[in-house]
Amino acid sequence: MAEVLVYVDHVDGAVRKPTLELLTLARRIGEPVAVALGAGAGDTAAVLGEHGAVKVLTHDASEYADYLVVPKVDALQAAVAEVSPAAVLVPSSAEGKEIAARLALRIGSGIITDAVDLEAGDAGPVATQSVFAASFTTKSRISQGIPVITVKPNSAAVEAAPVTPAVSELSVTFSAQATGTKVTGRTPRESTGRPELTEAAIVVSGGRGVNGSENFAIIEALADSLGAAVGASRAAVDAGWYPHTNQVGQTGKSVSPQLYIANGISGAIQHRAGMQTSKTIVAVNKDAEAPIFDLVDYGVVGDLFDVVPALTQEINTRKG
């Protein structure tokens, strides 16, 4: 069976969930070969093996932390040369898409970004994408070279498939461009204790109807009762009620959780583009004619200041 390279997104050896989803998808089209780079790369093998990686290629060097993107591209290019894979899968983060684009250019291959599903095809893997503000679903494949595909988080359920992986060190020669952009400092992001927005299984968002930054507390309370991430519409962000890092939409972040709860959000096309692929969508809005109700699985016509606290209380009661 053909081998499929999977780029491992990890923090000091702790593998992030989108990588485990990629391993699930990779098993549909071949045997996963994971590529783990940087500090803690060697510590990823056990988790990767539990999720089906038959091989783990590791490489640690200071360049991965000290310089931006290019050292990782050099390493993936070396892995492609060593393995000759049927495809290369990369998590669809901002960094992941830059790595994938640079790699595809170097190896003379096509690229598909933001795939939401992947299946085997007679002429190579077939990727499903949600396009034009999620108005259409397309299926496509790469017609030239080794397919390089980035996949959005929450596109597949994580499935265990325990194997004992063969672990080996990847031989990497860094290019002259690898040290072109140096990282001069880092400021850790303040932790809220909530999941990462793009990776969360549940997202609770607030919009113009929240009517002020102080009122986002009720959105946060509902999110915390569900173990969810907090999102915001562009209107709420532009008004200064919530940080831009939490914006969901065409000019913010694209999410695809199992459950998306929109509170006081009208459903403008810009916002829909960032959340329309959510598996189940619930909306709370006092305007029965709001466009968001054309999209939802469940809708509540009511004042969010009444509905959301009552929902939070009910959830906490059932949990207790």
Side-chain angles (χ1 to χ4, degrees), residues 2-11 14-38 41 44 47-48 51-59 63-64 67-120 124-130 140-142 144-156 158 170 172 175 178 196 198-199 253-256 277:
E3 294 178 322
V4 179
L5 281 184
V6 173
Y7 174 73
V8 177
D9 183 7
H10 72 97
V11 179
V15 180
R16 300 181 68 178
K17 180 170 170 278
T19 297
L20 305 182
E21 296 170 7
L22 290 187
L23 291 172
T24 297
L25 292 171
R27 294 200 305 274
R28 298 179 186 176
I29 58 176
E31 294 186 326
V33 176
V35 181
L37 308 173
T44 63
V47 172
L48 297 172
H51 294 85
V54 296
K55 297 180 184 176
V56 178
L57 305 178
T58 67
H59 190 255
E63 282 83 354
Y64 298 122
Y67 299 92
L68 290 179
V69 179
V70 178
K72 298 172 183 177
V73 180
D74 291 337
L76 270 182
Q77 185 177 12
V80 168
E82 179 174 321
V83 174
S84 297
V88 181
L89 305 185
V90 182
S92 203
S93 62
E95 181 182 79
K97 284 188 276 193
E98 183 173 356
I99 291 171
R102 287 174 178 262
L103 176 66
L105 182 63
R106 285 196 188 185
I107 64 177
S109 295
I111 180 172
I112 294 173
T113 60
D114 290 335
V116 296
D117 200 4
L118 198 62
E119 59 191 274
V126 177
T128 301
Q129 293 167 289
S130 180
S140 54
R141 64 175 179 82
I142 300 299
Q144 177 177 322
I146 297 169
V148 180
I149 303 171
T150 74
V151 181
K152 291 176 66 174
N154 291 316
S155 294
V158 174
L170 182 65
V172 180
S175 63
E196 170 65 30
T198 57
E199 300 174 14
K253 292 182 177 177
S254 179
V255 300
S256 187
T277 56

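To the nearest 0.5 angstrom, Ile149 atom CD1 is 10.5 Å from Thr113 atom OG1. Between the OG1 atom in Thr44 and the CG atom in Asp9 there is a gap of 11.5 Å [rounded to 0.5 Å]. Between atom CD1 of residue Ile99 and atom OH of residue Tyr7 there is a gap of 4.0 Å, rounded to the nearest 0.5 Å.
Taking all atoms of both residues into account, the shortest heavy-atom contact from Val90 to Leu22 is C-CD1, 3.6 Å. Listed here is the closest heavy atom pair of Val56 and Ala53: CG2-CB, 4.4 Å. When all heavy atoms of Ala34 and Val8 are compared, the closest pair comes out as CB-CG2, 3.6 Å. Heavy atoms only, all atoms of each residue included: Gly30 and Pro32 are closest at O-CD, 3.6 Å. In this structure, Thr58 and Ala41 approach most closely via the heavy-atom pair CG2-O, 3.8 Å. For the residue pair Ile146 and Pro85, the shortest heavy atom distance occurs at CG2-O, 3.6 Å.
Listed by chain and number, the residues in a salt bridge (charged side-chain N to carboxylate O under 4.0 Å, His left out) with Glu196 are Arg189, Lys253 (sequence neighbours excluded). By the side-chain hydrogen bond (donor to acceptor under 3.5 Å, both in side chains) test, Thr277 is found to be paired with Ser256, residues two or more places apart in sequence or in another chain being considered. In this structure, the side-chain contact (heavy atoms from CB on, under 4.5 Å) partners of Ser140, at least two apart in sequence or on a different chain, are Ile112, Gln129. Residues satisfying the ring-ring contact (aromatic ring centres under 6.0 Å, His included) test with Tyr64, not counting sequence neighbours, are His59, Phe174. The side-chain contact (heavy atoms from CB on, under 4.5 Å) test applied to Ala79 returns Leu5, Val35, Leu57, Leu170, not counting sequence neighbours. With sequence neighbours excluded, no residue satisfies salt bridge (charged side-chain N to carboxylate O under 4.0 Å, His left out) with Lys152. Scored by the salt bridge (charged side-chain N to carboxylate O under 4.0 Å, His left out) test, Glu199 finds Arg16 as partners (sequence neighbours excluded). Taking the side-chain hydrogen bond (donor to acceptor under 3.5 Å, both in side chains) definition, one finds that Ser92 meets it with Asp114, Thr150, sequence neighbours left out. In this structure Asn154 satisfies the side-chain hydrogen bond (donor to acceptor under 3.5 Å, both in side chains) test together with Lys17, sequence neighbours excluded. For Glu63, the salt bridge (charged side-chain N to carboxylate O under 4.0 Å, His left out) criterion is met by no residue, not counting sequence neighbours.
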For this session: Tell me, with the steps shown, if Val4 and Arg28 meet side chain to side chain contact (heavy atoms under 4.5 Å, CB included).
Result: CA-CA 10 Å; Val4 179; Arg28 298 179 186 176; over 6 Å; no
For this session: Test Ser93 against Thr198 for side chain to side chain contact (heavy atoms under 4.5 Å, CB included), laying out the working first.
Result: CA-CA 9 Å; Ser93 62; Thr198 57; over 6 Å; no
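Using a 4.5 Å heavy-atom cutoff, the side chains of Leu89 and Leu118 are in contact. Between Val151 and Pro18, every side-chain heavy-atom pair lies at or beyond the 4.5 Å cut-off. Ser155 has its side chain within reach of Val116: a pair of non-hydrogen atoms, C-beta onward, lies under 4.5 Å apart.
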List the atom pairs, donor and acceptor, that lie under 3.5 Å between side-chain atoms in residues 101-108 and the rest of the protein, sequence neighbours left out.
residue	atom	partner	partner atom	Å
Arg102	NE	Glu98	OE2	3.2
Arg102	NH2	Glu98	OE2	3.3
Arg106	NH1	Asp74	OD1	2.5
Arg106	NH1	Gln77	OE1	2.8
Arg106	NH2	Asp74	OD1	3.0

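Here the side chain of His51 pairs no donor or acceptor atom with the backbone of Glu21 at under 3.5 angstrom.
For residues 75-96, the set of pairs meeting the salt bridge (Lys or Arg N to Asp or Glu O under 4.0 Å) definition, not counting sequence neighbours, comprises Lys72-Glu95.
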